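Single-structure report; data block below.
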There are 2 protein chains.
Amino acid sequence: MRNAEFDREKVLRSAMTAFMDKGYGKTSMQDLTKATGLHPGSIYCAFDNKRGLLLAALAQYKTDRSAEFQRFFSGEKLVLVELKAYLDNIVQECISCEAAKACLLTKALNEMAQQDEEVQKTITENLANWQQGLAEVLALAQTKGELSTKRDSQHLARFLVMGIYGLRTFAHTHPKGETLQELADQLFLDISA
Amino acid sequence: MRNAEFDREKVLRSAMTAFMDKGYGKTSMQDLTKATGLHPGSIYCAFDNKRGLLLAALAQYKTDRSAEFQRFFSGEKLVLVELKAYLDNIVQECISCEAAKACLLTKALNEMAQQDEEVQKTITENLANWQQGLAEVLALAQTKGELSTKRDSQHLARFLVMGIYGLRTFAHTHPKGETLQELADQLFLDISA
DNA sequence: CCGTTTCTTGAATAATCATTCAAGTATTAT
DNA sequence: ATAATACTTGAATGATTATTCAAGAAACGG
């Protein structure tokens, strides 16, 4: 008889950045009420509990990242050109001192590994989904003749994912962008050469 | 007039694994008393507080890892053979389901980024030190003629470090060893080729 | 316009946490 | 042996935490 007053997407996005800022454990309910503008009761009504809010935020993160992926790999340019732009964008993400220096998935994965099975499963599925997306992009590049077929696209995708994980961790110790860009360029070379 | 009754190294090593198990934030003082066998008062007497225990554990970790590094790069074999063994050992570390799936440095780095300046600084210095060690090893390989001098040893070391970071994160989602070994092999190839 | 349903509010609750401290115990120097 | 000195013990403390719930406010159906 009455609709919720808050914008679910906005709430989830602010929860996302709050979780990325401090990590799940150190983000207090008070932090979350401040970040989302929601009162404790509303959060518990809408998402069950803090953990439910994290799961909902992870789902929203997946949606947002998938949309971004589609934008980068629209098929308008050469696949390898699109991939280069995608990597450069990740470097920019790492450089910008915005709260969310890390990706929510890897941040939560590092924190929750072997502690919460359902969260771990959700994250692992999302990451596997992303990796598969990259594998398909690379396979497309191979059928288009942009990329050698000597190495399996799944293998290349795994190596790419590993490199991006590493790049994000590296960024924590090296705020300067130059080095990160150099590493991303090297990674791109090793994939495409 | 009386010496401490506990073995400092043993205490720090058990604290290390406790922190790696649950992360710093979720490791309670109760967990630490259980892990170390020390009572709260003793911990506070010896290390000031929980944070002090972490800093001491990080120092011990650095000592232990440096010793391990020296063991792997003793100069008895070809540098590249030693490097390969070093990487294979990391893969084994990731596979073994022991508590410490991650390295304490990267685990703490992910958790504490931009929250505790001194901890962050300590970790960053340790990681930089490790990277420098690898750079020197690679430079030695170059002077010995085992490795092309086309790429700068510092550059190669950064890429290697990035790869190892990524490998560790990747391990969280892929407990199976086969894939990890394949990735490590590829990383070795990209460095040495 | 009224009654019912649903959402919102925020103070109260209960648990957990890091930390302290005073009493107890062992060791050493004399 | 004894006093002085240090280390150990673990219950008490106070702060912080996630969570609940009863009262209040808003929206809709009739």
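Keep in mind it's a predicted model, so treat the numbers as computed, not measured. Chain letters run A, B, ... following the sequence lines, proteins first and then strands; every chain starts at 1.
We find that CD1 of A:I43 is positioned 13 Å from P of C:dG10, with the value rounded to whole Å. For the pair A:L38 CG and C:dG10 P, the interatomic distance rounds to 12 Å; values are reported in whole Å. Between the C1' atom of D:dG14 and the CE atom of B:M29 lies a distance of 16 Å, rounded to the nearest Å. If you measure from atom NZ of A:K26 to atom C1' of C:dA18, you get 13 Å, rounded to the nearest angstrom. For the pair B:K34 NZ and C:dA18 C1', the computed distance is 17 Å after rounding to whole Å. One atom, CG of A:D116, and another, P of D:dA18, lie 15 Å apart when rounded to the nearest Å. To the nearest angstrom, P of C:dT19 lies 12 Å from CG of B:L54.
Ranked by how close their nearest DNA chain D nucleotide is to the 5' end, A:T27 and A:G41 are led by A:T27.
Remark: B:E68 does not engage B:R71 in a salt bridge, criterion side-chain N to carboxylate O under 4.0 Å. With salt bridges taken as basic N to acidic carboxylate O contacts below 4.0 Å, one links B:E9 and B:R13. A salt bridge links B:E93 to B:R65: at least one charged side-chain nitrogen sits closer than 4.0 Å to a carboxylate oxygen.
The nucleotide whose nearest atom lies closest to any side-chain atom of A:Q30 is, among D:dT17, C:dC17, C:dT19, D:dT17. Distance from the side chain of B:Y44 is smallest to C:dA18 among D:dT9, C:dA18, C:dT9. Distance from the side chain of A:K50 is smallest to D:dA18 among D:dA18, D:dT9, C:dG10.
The side chain of A:H39 places no N or O atom within less than 4.0 Å of a non-bridging phosphate oxygen (OP1 or OP2) of C:dT8.
Side chain of B:E82 to backbone of B:G75: a donor-acceptor contact under 3.5 angstrom is found.
Backbone-only engagement by A:S28 is indicated by non-hydrogen atom pairs under 4.0 Å involving sugar-phosphate atoms exclusively. Among the protein residues, B:T33 comes within range of no part of the nucleic acid, since none of its heavy atoms lies under 4.0 Å from any strand.
Shown are A:E182, A:H174, A:Q186; of these, the side-chain hydrogen bond (donor to acceptor under 3.5 Å, both in side chains) with B:R158 is made only by A:E182.
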